[in-house]
Amino acid sequence: MSVRIRIPTPLRRFTAELDVVAVDATSIRGALDALDAKHPGIKARLCDEQGALRRFVNVYYKDEDVRFLEGLETSIADGTEISIVPAIAGG
Amino acid sequence: MSRPSSVLVVGAGGLGCPALIELAAGGIERLGILEPDRVELTNLHRQILYREADVGIPKAEVAGRAIRARWPDVTVETFAEAFGPSTQHLLARYDAVLDGTDRFETKLLLADACVDLGVPFVFGGVIAHEAQVLGVLPGRSACPRCLFDEGPPPGTEATCAELGILGPIAGIAAARQVEVLWSLFGSAPLVDVLSVYDGRSDVTREVRLRKAPDCQGCGAARTRRGALVPPAETDPGAEAEILDLTGLVCPATFVATRRALDPLSAGDHLWLRLAGDEAKRNVPASVRAAGHRILAQKTDGRVTTLLIERGTDSKGTPS
């Protein structure tokens, strides 16, 4: 099942400046693992050592915060989109 | 649509400069500018109120002068200080606050203070060609902590120093902040939506937010961070007993403060009055170091009034 992951500007250094990466997965966790397999190092920016999402990063699936769904275990459907929304500090 | 008559802009940098222009042009009667830094050469490409001749001069002063020169009818109040415990009381003097700060932790603290004081607020952030904007109506809508509980620790995220900020993107973000700010006073406030703009593709996405019940900024976990006392409650009033230390200097101010706090129980409050810059700086620092909390700090001329809550830690040794 192919899903698109939207990559925010601060993390595009891990994806060779790609703003969207397509991966095959059936859950949010699987999608982030697949993203890390394609672009090593990016998952450590999103998840802590225990595998939980970091508190300054949010993941949205179909415009809904995954914290209000099933978290990283949320099932995902073919052709849908995941967005990564990090805290942006500059001003 | 009704509009606010006064706005405090916290941070007069890439977001603050264009926002100040839009707010003055938009008819705001009284503008406050809170900004501790001086103009640097590297600021000029995006901080559009400053010129090369202003390098080294406090930004609050230059920005205030520029706004007054172009809009003489606007009352401009400048504060060349950082946002923090000694300046947070300023927020309540304005109808709304616009965030132009450049550190995430500061943005969260500013949001917390606005929520506690009930002041409508517009959060903004920008890096490279990406920007985020969120309008907040305290008590009604989600706050930044509903989305991000904390800022990225140093070294874990690409910084503005590494990626830079494209000047026009800061301008677009500031324009959006002002648009959202106007809406907060209208019938269809733009809240519970984080606006994410990508300048490379020129696409804005709207990320829906929910007010998180256990949010540390505006929800049930608010007490964990220690909520501010709203201004009405920070006025000692005629009945309150105030320990007047205005006739003392350091270290007598420390000793008298400790002696007053020692016999109190945890959670008890103490009002204190101090005079002079040294006491204003050092006494709150030593009170915090001893495990107590500053609930309010107000400075009027040379005199500073503090409201202290006694902590559970009884070491109480002045630093």
Extract all donor-acceptor atom pairs below 3.5 Å that involve side chains of residues 124-140 of chain B and protein atoms in other chains or at least two apart in sequence.
| from | atom 1 | to | atom 2 | distance (Å) |
| --- | --- | --- | --- | --- |
| B/H129 | ND1 | B/D198 | OD1 | 3.3 |
| B/E130 | OE1 | A/T9 | N | 2.9 |
| B/E130 | OE1 | A/T9 | OG1 | 2.6 |
| B/Q132 | NE2 | A/P86 | O | 2.7 |

With a 4.5 Å limit on heavy-atom distance, are the side chains of B/D149 and A/F56 in contact? no
So, the part of B/C146 with a heavy atom under 4.5 Å from chain A: the answer is backbone
Contact list (residues 30-37 of chain A to chain B, heavy-atom gap under 4.5 Å, by number) returns none
Cut-off 4.5 Å, heavy atoms of chain A, and the answer for B/R103 is backbone
Taken in chain and number order and not counting sequence neighbours, the residues that satisfy side chain to side chain contact (heavy atoms under 4.5 Å, CB included) with A/D19 are A/R12, B/R200
Interatomic distance, CZ@B/R210 vs CZ@A/R67, rounded to 0.5 Å, equals 10.0 Å
Residues B/R205 and A/S83: closest non-hydrogen pair is NH1-OG, 3.0 Å
### Query
With a cut-off of 6.0 Å (strictly less than), are more than 12 heavy atoms of other residues, nucleotides or ligands near CD of B/E105?
yes
Tell me which donor-acceptor pairs under 3.5 Å the side chains of residues 76-84 of chain B have, and how far apart each pair is, sequence neighbours excluded?
| from | atom 1 | to | atom 2 | distance (Å) |
| --- | --- | --- | --- | --- |
| B/E77 | OE1 | B/R30 | NH1 | 3.1 |
| B/E77 | OE1 | B/Y94 | OH | 2.3 |

Closest heavy-atom pair, A/A89 versus B/F104, reported as atoms and distance to 0.1 Å, is CB-N, 3.7 Å
- Item | Sub-4.5 Å side-chain heavy-atom contact between A/V85 and B/L194 | yes
Taking every heavy atom of A/Y60 against every heavy atom of B/L147, the minimum-distance pair comes out as OH-CD1, 3.3 Å
Residues B/F123 and A/I88: closest non-hydrogen pair is CZ-O, 4.5 Å
Whether over 12 other heavy atoms sit under 6.0 Å from B/R51 CZ: no
